[in-house]
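Take a look at the structure below.
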Protein chains: 2
Amino acid sequence: MKLTELKAIQLAELFSALSDASRVRIISLLIEGEMSVSALAEGLNMTESAVSHQLRGLRQMRIVRARKEGRQVFYTLEDEHVQKLYSMGLDHVEHG
Amino acid sequence: MKLTELKAIQLAELFSALSDASRVRIISLLIEGEMSVSALAEGLNMTESAVSHQLRGLRQMRIVRARKEGRQVFYTLEDEHVQKLYSMGLDHVEHG
DNA sequence: TGAATAGTTGAGCAAGTGTTCATATATTAT
DNA sequence: ATAATATATGAACACTTGCTCAACTATTCA
């Protein structure tokens, strides 16, 4: 089946979301459930700024969604597709 | 489930294989079957050098395998994991 | 009101990526 | 041998990426 250039780019962008260890770790935490930026930063040993920068990218890719509550912002995974990619990839890394 | 830093890196490396449009297109052709470097280059409108450089990376990641026949080198996908990731990603891009 | 807290944003920079171009190697044909 | 073909490789370069740091906004608390 022929793959158009546009779809090749979109596919590459999708996989780029998971092509960095920090983002993978962010997603692995968000799979457990909603989390604030500072909780993510603490859990990942990253500055809030660095986390925020990554979340911005993930937001633009529609991979996470933000919900504001007071002065905190809670993030969740936007859909289960990325989660499926994640667990399939993890399966590949762990076994296989 | 806790994700170790090592596995986060390995996961990121795996997804990096598909994080570039040229590599996605190379893989989309190899899904159809074995292909030589020059056939890939022609099918993708890339120089043989550029294709060869990308194939080297994919080889190192154990995503493709090379088979030499005379002066041609034929490449195939090393296992079906990446193919599964590819089609799951494509599904996400096309629908959903 | 002013201070503290949570997060975002932009600039700057070091490191990484993907291509081109030239060159090298291996194989086949003359 | 020499030439031609198929691929690989290294250097160079433009471009991208992910971080830090400082400055900013928004919200809560005293």
Side-chain angles (χ1 to χ4, degrees), chain A residues 3 5-6 8-30 33-76 78, chain B residues 3 5 8-30 34-76 78:
Chain A
L3 182 71
E5 176 62 16
L6 174 63
I9 291 171
Q10 292 175 328
L11 256 181
E13 279 171 357
L14 171 63
F15 287 112
S16 294
L18 289 151
S19 71
D20 170 79
S22 296
R23 283 192 298 276
V24 164
R25 289 165 75 226
I26 287 173
I27 287 165
S28 84
L29 286 183
L30 293 182
E34 195 178 54
M35 254 197 224
S36 71
V37 176
S38 52
L40 284 168
E42 188 181 349
L44 299 170
N45 239 31
M46 288 172 69
T47 67
E48 295 185 12
S49 177
V51 172
S52 187
H53 275 295
Q54 291 294 185
L55 287 170
R56 187 229 248 270
L58 292 172
R59 239 186 294 129
Q60 285 170 348
M61 293 191 235
R62 300 260 148 84
I63 283 169
V64 301
R65 155 181 295 134
R67 178 180 70 82
K68 196 165 183 179
E69 187 180 318
R71 53 192 151 186
Q72 300 192 88
V73 179
F74 291 93
Y75 280 87
T76 44
E78 170 114 23
Chain B
L3 183 71
E5 176 64 14
I9 291 171
Q10 292 175 328
L11 255 181
E13 280 171 356
L14 171 62
F15 287 112
S16 294
L18 289 151
S19 72
D20 169 78
S22 296
R23 282 192 297 277
V24 165
R25 291 165 73 225
I26 287 173
I27 288 165
S28 84
L29 285 183
L30 292 182
E34 193 177 56
M35 255 198 225
S36 72
V37 176
S38 51
L40 283 168
E42 189 181 349
L44 299 171
N45 240 29
M46 288 172 67
T47 66
E48 295 183 12
S49 177
V51 172
S52 186
H53 275 296
Q54 291 293 185
L55 287 169
R56 187 231 248 267
L58 292 173
R59 240 187 293 129
Q60 285 170 349
M61 294 192 234
R62 299 260 149 85
I63 283 169
V64 300
R65 154 181 295 133
R67 178 179 69 83
K68 196 166 185 180
E69 186 179 318
R71 55 192 149 187
Q72 300 193 87
V73 178
F74 292 93
Y75 281 86
T76 45
E78 170 113 22

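All values derive from a computational prediction rather than experimental measurement. In the text below, chain A, chain B and the rest are named by the order of the sequence lines, each starting its count at 1.
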Could you state the interatomic distance from [atom1] ([X]) to [atom2] ([Y]), rounded to the nearest 0.5 Å?
X     : Y     : atom1 : atom2 : value
A:L40 : A:Y75 : CG    : OH    : 9.0 Å
A:N45 : A:S22 : CG    : OG    : 11.0 Å
A:L58 : A:R23 : CG    : CZ    : 6.5 Å

>> Within the supplied structure, the quantity of interest is the number of heavy atoms (other residues, nucleotides, ligands) at a distance under 6.0 Å from A:R59 CZ; does it exceed 12?
In response: yes
What is the distance, to the nearest angstrom, from the [atom1] atom on [X] to the [atom2] atom on [N]?
X     : N      : atom1 : atom2 : answer
A:R56 : C:dA6  : CZ    : P     : 22 Å
A:M61 : D:dT17 : CE    : C1'   : 11 Å
A:L44 : C:dG7  : CG    : P     : 13 Å
A:E42 : C:dG7  : CD    : C1'   : 16 Å
A:F74 : C:dT5  : CZ    : C1'   : 14 Å
B:R67 : D:dT7  : CZ    : P     : 12 Å
B:R59 : D:dT7  : CZ    : P     : 12 Å
B:I26 : C:dG18 : CD1   : P     : 10 Å

>> According to side-chain hydrogen bond (donor to acceptor under 3.5 Å, both in side chains), who are the partners of B:R56, at least two apart in sequence or on a separate chain?
In response: none
> Looking only at heavy atoms, what is the nearest atom pair of B:A17 and B:I27, with distance?
Replying inline: O-CD1, 4.4 Å
What contact category does [X] fall into here, base, sugar-phosphate, or nothing, at under 4.0 angstrom with non-hydrogen atoms?
X     : answer
B:Y75 : sugar-phosphate
A:Q72 : sugar-phosphate
B:S38 : sugar-phosphate

>> Could you tell me if the side chain of B:L18 sits less than 4.5 Å from the side chain of A:L11, heavy atoms only?
In response: no
> When you check every protein heavy atom under 4.0 Å of nucleotides 18-30 of chain D, what one-letter string (B, S, -) results, 5' to 3'?
Replying inline: SSBBB---SBBS-
